[in-house]
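We name chains A, B, ... by the order of the sequence lines, and we start the count at 1 in each one. The figures that follow rest on heavy atoms only: side chains count, while hydrogens, waters and symmetry mates do not. The structure displayed is predicted, hence computed values, not measured ones.
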There are 2 protein chains.
Amino acid sequence: MHEKERHRIIISAVQDRPVVTVGDLCTLTGVSEATIRRDISTLHMKQKVRRVRGGAEAITPPQFAGLAGRPFVVNETMNIAAKQAIARAAVEMCSEGDSIIINGGTTTFQMVHPLANRRMQVFTNSFPIAEHLLKHSKNTIMLSGGAIYREQNIILSPFDNDVTRNFYAKRMFMGAQGLGPIGLMEADPLLIQAEQKLIGQADELVVLVDSSKFAQRSSLVLCQLDRITTVITDEGIPDKAAAMIEAAGVNLIVAQSGSVQENEVAS
Amino acid sequence: MHEKERHRIIISAVQDRPVVTVGDLCTLTGVSEATIRRDISTLHMKQKVRRVRGGAEAITPPQFAGLAGRPFVVNETMNIAAKQAIARAAVEMCSEGDSIIINGGTTTFQMVHPLANRRMQVFTNSFPIAEHLLKHSKNTIMLSGGAIYREQNIILSPFDNDVTRNFYAKRMFMGAQGLGPIGLMEADPLLIQAEQKLIGQADELVVLVDSSKFAQRSSLVLCQLDRITTVITDEGIPDKAAAMIEAAGVNLIVAQSGSVQENEVAS
DNA sequence: AATCAATTTCGATCATTTTCAATCATTCGG
DNA sequence: CCGAATGATTGAAAATGATCGAAATTGATT
């Protein structure tokens, strides 16, 4: 077995498991411990693996624990105020007891706080949203089934999910990557897939986008403008975009991020 | 067991209970108390856990206000050692990369800690299990869809769930309320429903019951003995029960909760 | 409430085992 | 034959487990 081959094996092995021992790699490659140690040493120099006592581990810090499943990675501190105002306006559209669908995303996640006092039926494909509502509210939570995608923080199934198909709601709330004359745009194909499974399960489609999204362009178009019932955004929306939305016959709600709205509870 | 692995297990363990004792961690990892203390000490330095007398606790204050969605409230501090030993034996049945199904329950929940070091495919109907594994392991998590029942902490759908139906696994692990000559018994109809949806999706059915369960009787029979492949229990099992199980042609594994471990081989 | 005894837990130390790094001999390919 | 890579050996370093006295907790009694 050649050196390069062993290196590939070692790099591949540390991906699969948190740590690989020298002994493991010996049986895996069939060479002596001394050689494995030399390999680990050179790979450590090349920053390909991290050398630890007893073997090697992946270079990625073992802090993944906070990364996945957490609400959202250091939650885009930008626009957080606008997102919260938008989310609050979205929740205010709903009455007690309503059934709604919330598609996963950083903006829609902000809905969990105003939802804390409600008692509604919430269907979502977002693990963090379900988790938060489960722990901090009395809403009924329904979850779509499937694999949990750590990066996007959504649950998605390659199969048709009858739970999804049988759940009908008054409104579906979703975010997006961009919103333009072409329609609603998304960047991640996985998100597209998730969203398209849910669209059509609700009477109204409500889109939550902060005003920066009107400048964004993305290659993937999710649906056309006239499929949208309502757009909720913040005060920064350009006049042109507002005109475009209203021209398409879509309701436009501009959430006041600054101060007074109705009464509010901080959760 | 490697140092890093132990650290992961410790970090994982402090998540679901206010404090973990040194003894718990010993049985969980199979090393001596001295080593556990040293580990806690280093993790304390790294701000990963807080060191307290008797063991360790999570660095985050016990702010968990939500009553539901919590792993399992104060549920049975009793038998916790036996349950952990049983769960550990269950995980040791599996190899890296295996696909398994874990049915929700207090005993099966203990499988999350030994699973922290694994990279397997885990399908579950338990929100707490999914949450823990998502945050503290690199396993692939698949979740069944449906409503989240707060009391039982499981996800259940009134509809047929194609995700469930399409997921096939080598083994399914489940707990139970009781195990007698009549078969496997459960107390809650909701759990029966959830379990019956999953049985049949795996080649082997492994039942995790601590020895107190052999005395329990319940009105609802889930399945007959011969449907079970393996029973894992603790040393307290009555001879009569052991005879009954083996007479039915079911494998019986008695997990040693206290001390002795066999040698262990990764991979 | 205060004190004392009994139990548990901790920290330090030391012996044992495991792992490492350096050295040297051997093999392999040119 | 040379040089690079590998394997083996050995003393050093590190990790682990066990032991024991000290400190803390518990709870029982006065």
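- When the C1' atom of D:dA14 is taken as reference, atom CZ of B:R6 falls 12 Å away, rounded to whole Å.
- Look at A:S32 and you won't find any side-chain N or O under 4.0 angstrom from OP1 or OP2 of D:dA8.
- In this entry the distance linking CG of B:D39 with C1' of D:dT16 reads 10 Å, nearest Å.
- Put simply, the side chain of B:S99 reaches to within 4.5 Å of the side chain of B:F167, judged on heavy atoms.
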Practice item. Kindly determine whether B:R50 and B:E57 satisfy salt bridge (Lys or Arg N to Asp or Glu O under 4.0 Å), including the steps that lead there. Key: CA-CA 5 Å; B:R50 177 166 309 140; B:E57 66 180 9; 3.4 Å; yes
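- Rounded to an integer number of Å, the gap from B:E3 CD to D:dA14 C1' is 10 Å.
- At a threshold of 4.5 Å between non-hydrogen side-chain atoms, the residues B:L190 and B:Q193 count as touching.
- Distance alone, capped at 3.5 Å, places no donor-acceptor pair between the B:R217 side chain and the B:G178 backbone.
- Separating the NE2 atom of B:H2 from the P atom of D:dA14 is a distance of 15 Å, rounded to the nearest angstrom.
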Review point. Can you give one letter per nucleotide of nucleotides 14-30 of chain C, 5' to 3': B if a protein heavy atom sits under 4.0 Å from the base, S if only from the sugar-phosphate, - if neither?
Key: ----BBSS---------
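- Side-chain atoms of B:S41 and B:R51 form a donor-acceptor pair, as typed in the model, at a separation below 3.5 Å.
- Listed by first then second residue, pairs satisfying side-chain hydrogen bond (donor to acceptor under 3.5 Å, both in side chains) with a partner in residues 171-191 of chain B read B:Q152-B:D188, B:R171-B:E204, not counting sequence neighbours.
- The CG-P distance, from B:L25 to C:dT9, rounds to 13 Å in whole Å.
- Between the side chain of B:T108 and the backbone N or O of B:N103, at least one donor-acceptor pair lies under 3.5 Å.
- In the helix from C:dA1-D:dT30 to C:dG30-D:dC1, the end axes, each obtained as the rotation axis mapping the C1' atoms of four pairs onto the next four within a five-pair block, lie 30° apart to the nearest 10 degrees.
- The closest donor-acceptor contact from the side chain of B:T229 to the backbone of B:L205 lies under 3.5 Å.
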